[in-house]
*Asks:* 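Take a look at this one; I'll ask things after.
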Amino acid sequence: MSSKPSIPKGTRDFSTKEMLKREYIFENIKQVFRLFGYQPIETPAMENITTLLGKYGDEGDKLLFRILNSGDFLSSLNYDDMTTLEYSKLSSKICEKGLRYDLTVPFARYVVQHREEIVFPFKRYQIQPVWRADRPQKGRYREFFQCDVDVIGSDSILNEYELIRIIDDIFKILRISTVIKINNRKVLAGIAAYIGESDRIIDITVAIDKLDKIGIENVNSELSTKGLSEKAISNLQPFLQLNGNTSDKLGTLNRLLSESEVGKKGITELQTLFTYIGNRSLSCDIELDLTLARGLNYYTGAIIEVKSKDVNIGSICGGGRYDNLTGVFGMEGVSGVGISFGADRIYDVMNQLNLFDDLKGSSTDVLIVNFGEDETKYSLKILDKLHEMGVKTELFPDPAKLKKQLSYADSKKIPFILMAGENEINNNCIKVKNMSSGEQKEISMKVLKKFVENEIRQTKGIDSLPPNLKIL
RNA sequence: GUGGAUGUAGUUCAGUCGGUUAGAACGUCGGAUUGUGGUUCCGAAAGUCGUGGGUUCGAGCCCCAUCUUCCACCCCA
């Protein structure tokens, strides 16, 4: 039984080089989240399946990973169940748990469960993997990390504005040029009402979401296939053809939707948001995009999606406002808004654009050569000192040939070697080798600290770190 | 879930019409150099040709199934 080991479809191992890059992304995102006063939480990888079902639409239910009950999972079934139940009903009988599909629904569940201990508005961030049983392809994985920020318990559009700022800050730091697309579900609901097809809002939004992909004719024919009347479709056209700048668009919408209460509410929300954004300078492009629909069922207000301008990989960040997500868990009238950064896609974008150049260096600054048992005591003393000074240092674990130890340092791009063999120990000094110049010299133990400050810090020190990591 | 492509040392890829023992580069390891890396030179290890069946005297190559990865759709981060 020694077949080659493998990992499940759509999952990946991350090797050291990849992890350094990934952590760079996580660190930066986390710092911006903290800057705006968000605090971390984590929730379990698995949730009760009933928590997850029905929150993401039919498509979402299909993509949930279900966890087979432990033990005799068939004991809850009788013969009739097995032969007559359709598979989805059957699976919810034998699978009581599932892997989380996103971080928003578990968060809503968390808020309801911990309502007594939470002070509202509650601003939290959460960086964890999620799982979807999707068919994998480029930019689409079955296990991937989401970085969520949400504020729950506040209706203010200031929260939407804050999220836009966060998006802008993060992508500015990561040097990804992006366009932020904004829309509002209430406006979409208003449009559906205006054309007399209120109950078809999902079909309508899904179809117009494809506008820039398949063109206006195909959208119209798709709507017609879905059973929308000719009249409704022709009434929809002015919305599909909306153009001009943001205030033009909002003006037109205002006229067209003057009869619709929800529609007008949505327009006001958009207006408020765009006023906040106003003339503040953002590095991202911002665009009011009526064709932005987003599939997740629970959005009720603003919807936000971010795309890279240089790499075509779908959205790298998305989110919106949900007015009653906690309602399904028994806590009514609490509105929240949040966004989710797709770390894996951000990684793909940055990799493709070679934006990780700054990270080429090693994580270790100094390697202490291992000369053997007798010298190790002396080396460990040096190691401790350097660690106390905050210098990233490692001692080679085996007394391997010097050649081996040096080429290890070389492959890890460690810039400094410290050698303390018999001669050095007798003279109470250390030999230092600079790997890039090849130059080496002996220094006494006393000036070790000075040496660190003058040379290591300058070669590998804080100045070489990306500016945003300097605080660390 | 639907349709299409793909798979050969650790990695990137050759491999002719189906014909003897499947090759290269890079990487790894060893040596030239027992206390000095990168460059150079020499050498070695490394493969059940994704997996399982089938056709054939003979299969990396042809056929079937299956898995992986990739692409389009659906949907999404």
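Residue numbering restarts at 1 for every chain, and letters A, B, ... go by the order of the sequence lines.
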*Asks:* Determine the interatomic distance between P on B/rC76 and the same-named atom on B/rU69; round to the nearest Å.
*Replies:*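 Their P atoms lie roughly 22 Å apart.
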*Asks:* Using nucleotides 70-72 of chain B, report all nitrogen or oxygen pairs with the protein that are shorter than 3.5 Å.
*Replies:*
unit_1 : atom_1 : unit_2 : atom_2 : d
B/rC71 : OP2    : A/K138 : N      : 2.1
B/rA72 : OP2    : A/Q137 : OE1    : 3.2

*Asks:* Separation of A/Y299 atom OH from B/rC75 atom C1', in whole Å?
*Replies:*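 That distance rounds to 14 Å.
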*Asks:* Does A/E96 CD have over 12 foreign heavy atoms under 6.0 Å away?
*Replies:*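 Counting neighbours around CD of A/E96, 12 or fewer heavy atoms of other residues, nucleotides or ligands fall under 6.0 Å, so no.
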*Asks:* Counting the benzene-type ring for Trp, do A/Y125 and A/F33 have ring centres under 6.0 Å apart?
*Replies:*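 Yes, the ring of A/Y125 comes within the 6.0 Å limit of the ring of A/F33, centre to centre.
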*Asks:* Within this structure, what is the CZ-to-P distance between A/R132 and B/rC74, rounded to whole angstrom?
*Replies:*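 Taking CZ of A/R132 and P of B/rC74, I get 17 Å after rounding.
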*Asks:* Centre-to-centre under 6.0 Å for A/F65 and A/Y101, is that the case here?
*Replies:*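 For A/F65 and A/Y101, the ring centres are not under 6.0 Å apart.
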*Asks:* Can you check whether A/Y322 and A/F107 have ring centres sitting under 6.0 Å from each other?
*Replies:*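 No: the rings miss the under 6.0 Å criterion.
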*Asks:* Sticking with atom C1', work out how far B/rU16 lies from B/rG53, rounded to a whole angstrom.
*Replies:*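 Taking atom C1' in both B/rU16 and B/rG53, they lie 28 Å apart.
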*Asks:* Taking only residues two or more places apart in sequence, or in another chain, which ones meet A/K172 in a salt bridge (Lys or Arg N to Asp or Glu O under 4.0 Å)?
*Replies:*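 Testing A/K172 for salt bridge (Lys or Arg N to Asp or Glu O under 4.0 Å), a comparison that skips the adjacent residues, returns none.
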*Asks:* Kindly check if the number of other-residue, nucleotide or ligand heavy atoms within 6.0 Å of CD (A/Q137) is above 12?
*Replies:*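 Above 12, so yes.
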*Asks:* Using a 3.5 Å cut-off and no angle test, enumerate the donor-acceptor pairs between side-chain atoms of residues 7-18 of chain A and protein atoms at least two apart in sequence or in another chain.
*Replies:*
unit_1 : atom_1 : unit_2 : atom_2 : d
A/T11  : OG1    : A/P8   : O      : 2.6
A/R12  : NH2    : A/D344 : OD2    : 2.5
A/E18  : OE1    : A/S15  : N      : 2.6

*Asks:* Check the phosphate of B/rU68 against A/K9, side-chain N and O only, distance under 4.0 Å to OP1 or OP2. Yes or no?
*Replies:*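 Checking B/rU68 against A/K9, a side-chain N or O does come within under 4.0 Å of OP1 or OP2.
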*Asks:* Check side-chain contact (heavy atoms from CB on, under 4.5 Å) between A/K449 and all other residues, then give those that pass, not counting sequence neighbours.
*Replies:*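 Residues passing side-chain contact (heavy atoms from CB on, under 4.5 Å) with A/K449: A/M389, A/E453.
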*Asks:* Listed by chain and number, what are the side-chain hydrogen bond (donor to acceptor under 3.5 Å, both in side chains) partners of A/N220, not counting sequence neighbours?
*Replies:*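 With neighbours one apart ignored, the set is A/Q237.
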*Asks:* With the criterion being N/O to N/O and under 3.5 Å, what pairs connect the protein with nucleotides 5-7 of chain B, and how long is each?
*Replies:*
none

*Asks:* Sticking with atom P, work out how far B/rG60 lies from B/rG50, rounded to a whole angstrom.
*Replies:*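 Result for the P pair: 10 Å, nearest Å.
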*Asks:* Hey, does A/Q440 reach any base, or is it just sugar-phosphate, or nothing, if we go heavy atoms under 4.0 Å?
*Replies:*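 Result for A/Q440 = base.
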*Asks:* Starting from P on B/rG37, measure out to NZ on A/K431 and report it in whole angstrom.
*Replies:*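 Distance, rounded to whole Å: 13 Å.
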*Asks:* Choosing from B/rG35, B/rA77, B/rC75, which nucleotide comes nearest the side chain of A/E59?
*Replies:*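 Among B/rG35, B/rA77, B/rC75, the one nearest the side chain of A/E59 is B/rC75.
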*Asks:* Contact class for A/D344 (heavy atom, under 4.0 Å): base, sugar-phosphate, or nothing?
*Replies:*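 Nothing, no nucleic acid heavy atom in range.
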*Asks:* What is the distance from NZ of A/K307 to P of B/rC76, rounded to the nearest Å?
*Replies:*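 Atom-to-atom, A/K307 to B/rC76, this comes out as 12 Å.
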*Asks:* Quick one: label A/E422 by what it contacts on the DNA or RNA (base, sugar-phosphate, nothing), any heavy atom closer than 4.0 Å.
*Replies:*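 The residue A/E422 makes base contact.
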*Asks:* Do A/D410 side-chain and B/rG37 base share a donor-acceptor contact under 3.5 Å?
*Replies:*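 Side chain to base: pair present.
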*Asks:* By side-chain contact (heavy atoms from CB on, under 4.5 Å), which residues pair with A/N428, not counting sequence neighbours?
*Replies:*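 Scan of A/N428 (side-chain contact (heavy atoms from CB on, under 4.5 Å), adjacent residues dropped) gives A/Y378, A/M445.
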*Asks:* Is the number of heavy atoms from other residues, nucleotides or ligands under 6.0 Å of A/K401 NZ greater than 12?
*Replies:*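 It does not: A/K401 NZ has 12 such atoms or fewer within range.
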*Asks:* Just how far, in rounded Å, is C1' of B/rG35 from CG of A/D374?
*Replies:*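 That distance rounds to 16 Å.
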*Asks:* Over all strands shown, is A/E143 touching base, sugar-phosphate only, or nothing at heavy-atom distances under 4.0 angstrom?
*Replies:*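 The residue A/E143 makes no contact with any strand.
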*Asks:* Both A/S407 and A/L63 contact RNA chain B. Which one's nearest nucleotide lies toward the 5' end?
*Replies:*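 Its nucleotide being nearer the 5' end, the pick is A/S407.
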*Asks:* Could you work out the separation of B/rG35 and B/rG30 based on their P atoms and round it to a whole Å?
*Replies:*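 To the nearest whole Å, 15 Å.
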*Asks:* What's touching nucleotides 30-34 of chain B from the protein side, N or O pairs under 3.5 Å?
*Replies:*
unit_1 : atom_1 : unit_2 : atom_2 : d
B/rG31 : OP1    : A/K401 : NZ     : 2.2
B/rG31 : OP2    : A/K401 : NZ     : 3.1

*Asks:* Tell me if the CG atom of A/D58 is crowded by more than 12 foreign heavy atoms within 6.0 Å.
*Replies:*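 Count not over threshold, so no.
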*Asks:* For A/G10, which contact category applies under a 4.0 Å heavy-atom criterion: base, sugar-phosphate, or nothing?
*Replies:*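 Sugar-phosphate: the residue A/G10, judged by heavy atoms under 4.0 Å, touches backbone atoms but no base.
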*Asks:* Just to be sure I understand the rule, does A/G57 reach a base, reach only the sugar-phosphate, or reach nothing, if contact means heavy atoms closer than 4.0 Å?
*Replies:*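 It contacts nothing in the nucleic acid.
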*Asks:* Write down the distance separating the P atoms in B/rC63 and B/rU21, rounded off to the nearest Å.
*Replies:*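 The same atom, P, in both gives a distance of 24 Å.
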*Asks:* Need one value for A/C317: base, sugar-phosphate or nothing, where a base atom within 4.0 Å counts as base even if backbone is also close, heavy atoms only.
*Replies:*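 Contact class for A/C317: sugar-phosphate only.
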*Asks:* Please state how far atom CD in A/E442 lies from atom C1' in B/rG35, giving the value in whole angstrom units.
*Replies:*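 Distance check: A/E442 CD to B/rG35 C1' gives 12 Å.
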*Asks:* Partners of A/R142 by salt bridge (Lys or Arg N to Asp or Glu O under 4.0 Å), sequence neighbours excluded?
*Replies:*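 Not a single residue meets the salt bridge (Lys or Arg N to Asp or Glu O under 4.0 Å) criterion with A/R142.
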*Asks:* Is it the case that over 12 heavy atoms from other parts of the model lie below 6.0 angstrom from the CG atom of A/D398?
*Replies:*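 For A/D398, atom CG is crowded (more than 12 foreign heavy atoms under 6.0 Å).
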*Asks:* Whole angstroms only, please: what is the CD1-P distance between A/I303 and B/rC75?
*Replies:*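 These atoms are roughly 15 Å apart.
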*Asks:* Considering only atom C1', compute the distance from B/rG58 to B/rU12 and round it to an integer number of Å.
*Replies:*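 Those two atoms are separated by 31 Å.
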*Asks:* What is the distance from CZ of A/R12 to P of B/rU68, rounded to the nearest Å?
*Replies:*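 To the nearest whole Å, that distance equals 16 Å.
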*Asks:* If the condition is side-chain contact (heavy atoms from CB on, under 4.5 Å), which residues does A/S407 pass it with, not counting sequence neighbours?
*Replies:*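 In terms of side-chain contact (heavy atoms from CB on, under 4.5 Å), with neighbours along the sequence ignored, A/S407 is linked to no residue.
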*Asks:* Take A/T11 and A/I316, find for each the nucleotide of RNA chain B with the closest heavy atom, and name the residue whose nucleotide sits nearer the 5' end.
*Replies:*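 So the residue in question is A/T11.
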*Asks:* Could you work out the separation of B/rG10 and B/rG47 based on their C1' atoms and round it to a whole Å?
*Replies:*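 The answer is 12 Å between these two C1' atoms.
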*Asks:* Taking the six-membered ring for Trp, are A/F356 and A/Y347 closer than 6.0 Å centroid to centroid?
*Replies:*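 Yes, the ring centres sit under 6.0 Å apart.
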*Asks:* My understanding is that only residues two or more places apart in sequence, or in another chain, count here; which of them pass side-chain contact (heavy atoms from CB on, under 4.5 Å) with A/A409?
*Replies:*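 Per chain and number, A/A409 pairs via side-chain contact (heavy atoms from CB on, under 4.5 Å) with A/L367, A/I414, A/I417, A/M435.
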*Asks:* How far, in whole Å, is B/rC61 from B/rA22 if one measures between their P atoms?
*Replies:*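 That atom pair is separated by 14 Å.
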*Asks:* Just need the stems in RNA chain B: three or more back-to-back Watson-Crick or G-U pairs, each with both distances under 3.5 angstrom, sorted by first number.
*Replies:*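 Looking at RNA chain B, the stems formed by three or more consecutive pairs are B:1-5 with B:69-73, B:10-13 with B:23-26, B:28-32 with B:40-44, B:50-54 with B:62-66.
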*Asks:* Hey, is A/Y408 stacking on B/rG37? Ring centres under 5.5 Å, planes under 30°.
*Replies:*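 Taking the rule of under 5.5 Å and under 30°, the ring of A/Y408 does not stack on B/rG37.
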